[in-house]
Amino acid sequence: MKHFIPILFSFFFVYPPMNTGNHKPSDQIKQEDSLKTMVEAYYRLNIKVFQKNSTKEDIDAIFELFTDDFEYNHPKYGGLYTRDVLYRGYVNNQKNGGYDGSVKDVRVENMIIGLNCVAVSRRYITGNARGETEEGELQMTLFEFRDGKISRIMEYW
């Protein structure tokens, strides 16, 4: 055991740890900024859709952020939704008056950016007819990314 430690250290001098990719630290920062920007755009576009006067084009703008095989998973409220099923749900909610403007904003409390994913804790800010606002419950969402788009959203609330 006495000779094991020097042998271990000499291994790292002869065979230094390999870089597993051609990524520079600046590439990581750019990716983190890109993922953060994409999540912020998702929430901004959803707030626009949640308003009374939103249009189908507003919904389309959200779905431009998604990959073709995008999945939305919310185990507490129905489980797994394909891109197509989720899109139809947005359109139906809009046609049926489900987007009435009561959701005024979203407050992101924390965002943890990982490798092609972002974990978000956030809460919706709602309003009533008297103009009063209320903070909703803290909720957690995980966004996964592929090829510069959102490939999956997992809801944990």
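We use all heavy atoms of the structure for the numbers below, so side chains are in, but hydrogens, waters and symmetry mates are not. Residue numbers count from 1 along this sequence.
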*Heavy-atom count around Glu155 CD within 6.0 Å, excluding the residue itself: above 12?*
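For Glu155, atom CD is crowded (more than 12 foreign heavy atoms under 6.0 Å).
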Say you draw a straight line from [atom1] of [X] to [atom2] of [Y]; how long is it, rounded to the nearest 0.5 Å?
| X | Y | atom1 | atom2 | result |
| --- | --- | --- | --- | --- |
| Glu71 | Tyr81 | CD | OH | 13.0 Å |
| Asp105 | Ile47 | CG | CD1 | 5.5 Å |
| Phe145 | Leu35 | CZ | CG | 5.0 Å |
| Arg44 | Glu40 | CZ | CD | 8.0 Å |

Presence of salt bridge, [Y] and [X], under 4.0 angstrom:
| X | Y | result |
| --- | --- | --- |
| Lys104 | Glu132 | no |
| Arg107 | Glu135 | yes |
| Arg146 | Asp69 | yes |
| Asp58 | Lys48 | yes |

Find out if a path of hydrophobic residues (ILVMFWY) with successive side-chain heavy-atom gaps under 4.5 Å connects [X] to [Y].
| X | Y | result |
| --- | --- | --- |
| Met154 | Met140 | yes |
| Leu138 | Ile125 | no |
| Met38 | Tyr72 | yes |
| Met111 | Leu45 | yes |
| Val103 | Leu86 | yes |

_For a quick check under 3.5 Å, do Asn73 and Tyr156 share a side-chain donor-acceptor pair by atom type?_
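Side-chain D/A pair, Asn73 to Tyr156: absent.
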_Any donor-acceptor N or O pair under 3.5 Å, side chains Ser54, Gln94_ = yes
_The test is side chain to side chain contact (heavy atoms under 4.5 Å, CB included); show your working for Thr133 and Thr126 and say whether it passes._
CA-CA 5 Å; Thr133 60; Thr126 58; over 6 Å; no
_Applying side chain to side chain contact (heavy atoms under 4.5 Å, CB included) to Cys117 and Leu142, what does each step give before you reach the verdict?_
CA-CA 7 Å; Cys117 65; Leu142 177 69; 4.1 Å; yes
*Taking C-beta and beyond as the side chain, do Thr141 and Arg122 meet within less than 4.5 Å on heavy atoms?*
yes
*asked:* Are Phe63 and Phe66 an aromatic pair, judged by ring center distance below 6.0 Å?
replied: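 Distance test on ring centres: under 6.0 Å, yes.
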*Is the distance between the ring centroids of Tyr43 and Phe143 under 6.0 Å?*
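Aromatic pair counts; centres sit under 6.0 Å.
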Under 3.5 Å: donor-acceptor pair, side chain of [X], backbone of [Y]:
| X | Y | answer |
| --- | --- | --- |
| Ser121 | Asn110 | yes |
| Ser151 | Glu144 | yes |
| Asn128 | Arg130 | yes |

*Heavy-atom pair with the smallest gap, counting every atom of Arg83 and Thr67*: NH1-O, 3.0 Å
_Nearest non-hydrogen partners of Leu65 and Lys149, listed with the distance_ =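 Of all heavy-atom pairs spanning Leu65 and Lys149, the closest is O-CB, 3.3 Å.
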*Show the numbers, then the answer: is there a side chain to side chain contact (heavy atoms under 4.5 Å, CB included) between Ile153 and Phe70?*
CA-CA 8 Å; Ile153 296 176; Phe70 168 81; 3.7 Å; yes
*Output, in order, the C-alpha distance, side-chain angles, deciding distance and verdict of side chain to side chain contact (heavy atoms under 4.5 Å, CB included) for Asn46 and Ile62.*
CA-CA 7 Å; Asn46 268 283; Ile62 294 171; 3.7 Å; yes
*Considering the options Glu137, Gln139, Glu109, which one meets the side chain to side chain donor-acceptor pair (under 3.5 Å) requirement together with Arg123?*
Glu109
